[in-house]
Amino acid sequence: MGYFMIDRLIGIGVLAVTIIVFTLFIICIIRYQNIKRVQILLYEENLKLKEQYQELENNYNSSLSSLNELTGKCEELNKNKESMKKLAYTDYLTELPNRTAFTEMLDNIMITLRNEETIAIMDIDIDNFKNINDSLGHSYGDELLIDVTYRLKQAMDENDYLARIGGDEFIVLTQNLQDTVSFEDKIKKIKNVFSYPFVLSTKEYFVTVSIGVAFAPKDGRTSQALTKNVDSAMYVAKANGKNTHVYFEYSFNQKLTEKIETQSELRKALERNEFVLFYQAQMNLDTKQVVGFEALIRWNHPTKGLVYPDEFIYLAEETGLIVPIGKWVLQTACHQLKQWSESFPDITMAVNLSARQFKDRDIVKLVYDIIEETGINPNSLELEITETIALDDIEYTIATIQELKKIGVSFSLDDFGTGYSSMNYLKRLPVSNLKIDRSFLNTVMEDQCDQKIIQAIINLARNLDLYVIAEGVESSDQEVFLKESNCNKAQGFLYSKPVPKDKAVLFLKNQDVKVIE
Ligand code: C2E
Ligand code: CA
Ligand code: CA
């Protein structure tokens with residue numbers, strides 16, 4: 001029994017141990033398998049990570065190259081930006097600072113300008129630059145601007161800033177000015193660079209400039225005020241006959257405002273029918289008969305009354321309004337001529353052409369059209385141009401006059417003797433009449449010299465087969481002198497002032513020589 005129990009116990013023990021060992025074995029196997037699985041997972045994860053790492057590295061590398069590329073582009077962009085800025089601030093032709101650069105520079109200076117400091121601005125505008133451009137072409141105009149820049153640079157000192165602010169307009173800004181009086185030397189220096197001719201297209205041209213001068217803070221405390229005022233001074237220099245310099249005065253702005261007002265009134269005057277033509281008789285000195293009229297414009301201004309052409313023709317010329325106004329003059333004068341010619345078929349009509357009008361490439365067509373429209377005899381129409389206009393572009397003048405001469409229209413050289421007519425040119429111009437300027441007549445009775453000039457002009461004209469008309473004849477003495485000198489025609493207050501058409505026609509009908517108004 002005892003052994004049986006011991007055997008059973010041993011059996012149970014062995015069984016338990018076996019079970020335990022087996023269980024442990026099973027656990028071990030499971031663990032091993034788990035470890036193996038984890039190991040596989042880890043291995044797989046590792047592989048994935050490696051892949052991801054590789055991808056990251058690739059991404060990093062491509063980002064780096066993109067970054068490099070971007071940095072390059074950025075640098076390029078900055079360079080472009082700089083060159084764009086340079087372009088925006090530089091005048092392409094002369095490579096001088098342009099208006100934007102100058103304005104920015106002046107703005108900065110004006111902000112920090114102290115009361116005891118003085119700066120000067122000089123506005124330099126080339127006179128008649130348009131003529132060079134029109135007659136020689138733009139490339140020569142550009143060449144002139146480059147030459148002018150080169151010369152101006154020679155006249156600059158360390159305190160000067162030179163800019164080109166418009167077509168033919170330059171600015172010199174001078175800082176640290178000691179006193180305004182000594183600035184005159186600077187102006188002289190600038191003017192000096194224009195004292196010798198410019199060579200363009202193998203010919204020599206003298207160029208003059210109009211200069212406006214303003215000082216800050218005296219003539220303006222802001223850059224806008226200063227620029228406006230220097231501009232006014234330059235305009236006054238132009239109005240004073242060009243080739244001169246003018247210091248700004250506050251009264252200029254008033255005048256300039258008036259000028260702008262007149263210009264805008266002038267624009268409306270044509271629509272409002274405010275212009276009228278007056279007619280001044282022209283006499284044959286032999287027969288003492290009226291042989292023609294000169295049409296002279298007047299402006300019936302709503303508040304100022306009758307305004308004379310000297311006060312507005314130059315403004316009309318400046319704005320280009322002279323072209324439509326001149327057309328109106330020609331039409332009105334031709335209509336009048338047609339009317340009068342029905343009773344007085346030999347009567348002539350002289351009409352003034354301004355520079356711009358004559359240079360207008362449509363002038364020949366315009367005259368042709370008006371002749372057709374009004375039905376006048378072209379032989380009765382005389383067009384007057386001054387010798388300055390005629391000689392400005394002699395080839396054009398000759399061609400235009402010839403074109404109109406073909407149909408019978410003749411030309412007179414007005415204000416003769418005041419310009420610098422060369423006899424050579426005169427020979428080539430196909431004009432029919434010379435009008436001796438009235439300045440010679442003013443003093444002719446006292447001045448032997450003027451008498452000789454008039455006689456010389458008459459002889460010259462006769463040799464060239466031209467008719468001579470003297471204008472500004474006010475006294476019988478003058479008339480006698482002219483008649484004795486073989487002058488053909490005369491015009492002046494001695495016979496008649498310019499008068500409205502109704503009075504002119506009375507004069508025409510009476511045909512007796514007397515002063516009428
Ligand atoms: P202009 O062509 O030399 O005209 C002659 C000017 O001399 C006229 O002045 C006339 O009134 C003036 N005059 C004539 N005889 C005498 C005289 O005996 N003594 C004095 N002291 N003066 C005399 P007006 O009408 O004031 O014209 C001035 C200028 O205006 C003209 O000078 C001409 O250049 C311009 N003008 C006049 N009408 C026209 C026009 O229709 N078109 C253009 N483009 N210019 C015109
Ligand atoms: Ca005239
Ligand atoms: Ca004249």
Side-chain angles (χ1 to χ4, degrees), residues 23-114 119 121 133 137-154 156-176 216 222-224 226-227:
T23 313
L24 280 174
F25 178 72
I26 293 293
I27 286 171
C28 273
I29 282 177
I30 290 170
R31 275 250 166 127
Y32 174 77
Q33 271 180 342
N34 275 350
I35 285 167
K36 207 62 189 161
R37 207 176 297 136
V38 166
Q39 262 179 348
I40 289 167
L41 275 176
L42 274 175
Y43 177 75
E44 279 173 359
E45 274 307 304
N46 198 7
L47 266 183
K48 252 192 218 162
L49 272 174
K50 262 188 185 161
E51 264 170 34
Q52 278 176 353
Y53 176 76
Q54 191 60 44
E55 205 176 313
L56 264 175
E57 199 170 66
N58 287 347
N59 282 346
Y60 173 75
N61 283 341
S62 81
S63 294
L64 205 66
S65 71
S66 297
L67 186 69
N68 284 341
E69 212 175 297
L70 266 175
T71 317
K73 285 231 166 100
C74 214
E75 270 166 21
E76 207 177 304
L77 214 76
N78 278 341
K79 264 190 213 150
N80 278 349
K81 238 182 177 173
E82 248 169 58
S83 63
M84 292 274 280
K85 191 170 174 190
K86 206 174 159 218
L87 268 181
Y89 283 75
T90 310
D91 167 48
Y92 72 98
L93 181 70
T94 59
E95 294 185 355
L96 286 176
N98 61 11
R99 184 182 278 276
T100 317
F102 160 70
T103 311
E104 212 165 88
M105 170 97 172
L106 185 63
D107 278 345
N108 291 336
I109 292 173
M110 293 305 277
I111 290 166
T112 51
L113 192 73
R114 285 167 301 167
I119 65 159
I121 310 191
N133 254 348
H138 284 265
S139 60
Y140 284 111
D142 285 356
E143 202 178 307
L144 176 66
L145 290 169
I146 292 167
D147 289 353
V148 166
T149 306
Y150 176 77
R151 288 198 196 176
L152 284 175
K153 275 184 181 167
Q154 314 291 309
M156 296 296 113
D157 299 317
E158 75 232 19
N159 287 322
D160 298 329
Y161 174 88
L162 174 67
R164 178 181 172 220
I165 58 158
D168 57 353
E169 210 175 342
F170 294 83
I171 280 270
V172 178
L173 193 160
T174 307
Q175 285 178 273
N176 305 321
T222 62
S223 83
Q224 286 92 331
L226 200 61
T227 332

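For the atom pair CG (Asn108) and CG (Leu113), the distance works out to 12.0 Å, reported to the nearest 0.5 Å. The distance from the OG1 atom of Thr222 to the CG atom of Leu106 is 8.5 Å, given to the nearest 0.5 Å. In this structure, CG in Asn98 is found 12.5 Å from CG in Leu93, a value given to the nearest 0.5 Å. Separation of atoms CG (Asn46) and CD (Glu51) is listed at 11.0 Å; rounding is to 0.5 Å. With rounding to the nearest 0.5 Å, the separation of CD1 in Ile171 from CG in Leu162 is 9.5 Å. Atom CG in Leu144 sits 9.0 Å away from atom CG in Asn133 (nearest 0.5 Å).
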Show the atom names and distances, to 0.1 Å, of all donor-acceptor pairs under 3.5 Å that link a side chain in residues 55-66 to residues at least two apart or in another chain.
unit_1: Glu57; atom_1: OE2; unit_2: Tyr53; atom_2: OH; d: 3.3
unit_1: Ser62; atom_1: OG; unit_2: Asn59; atom_2: O; d: 3.2
unit_1: Ser63; atom_1: OG; unit_2: Asn59; atom_2: O; d: 2.9
unit_1: Ser65; atom_1: OG; unit_2: Ser62; atom_2: O; d: 3.0
unit_1: Ser66; atom_1: OG; unit_2: Ser62; atom_2: O; d: 3.0

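In this structure, Met110 and Gln224 have side chains that are not in contact, with every pair of non-hydrogen atoms separated by 4.5 Å or more. The side-chain heavy atoms of Leu226 and Ile119, taken from C-beta on, include a pair separated by under 4.5 Å. A 4.5 Å side-chain heavy-atom check between Ile109 and Tyr161 finds every atom pair outside the cut-off. Using a 4.5 Å heavy-atom cutoff, the side chains of Leu96 and Lys153 are in contact.
For Arg114, the side chain to side chain contact (heavy atoms under 4.5 Å, CB included) partners two or more places apart in sequence, or in a different chain, are Glu116, Glu117. Considering only residues two or more places apart in sequence or on other chains, Ile29 meets the side chain to side chain contact (heavy atoms under 4.5 Å, CB included) condition with Phe25, Gln33. Applying the side chain to side chain donor-acceptor pair (under 3.5 Å) test to Asn159 and every residue at least two apart in sequence or in another chain returns Asn176.
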| said: Assess the residue pair Phe170 and Thr149 against the criterion (side-chain contact (heavy atoms from CB on, under 4.5 Å)); give the C-alpha distance rounded to whole Å, side-chain angles, the decisive distance to 0.1 Å, and a yes or no. | reply: CA-CA 9 Å; Phe170 294 83; Thr149 306; 3.5 Å; yes
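Residue pairs meeting the salt bridge (Lys or Arg N to Asp or Glu O under 4.0 Å) criterion with at least one member in residues 157-174, sequence neighbours excluded, are Asp91-Arg164, Asp157-Lys186, Asp157-Lys189, Asp160-Lys186. Applying the side chain to side chain donor-acceptor pair (under 3.5 Å) test to pairs two or more places apart or on separate chains, those with a residue in residues 69-90 are Tyr89-Glu104.
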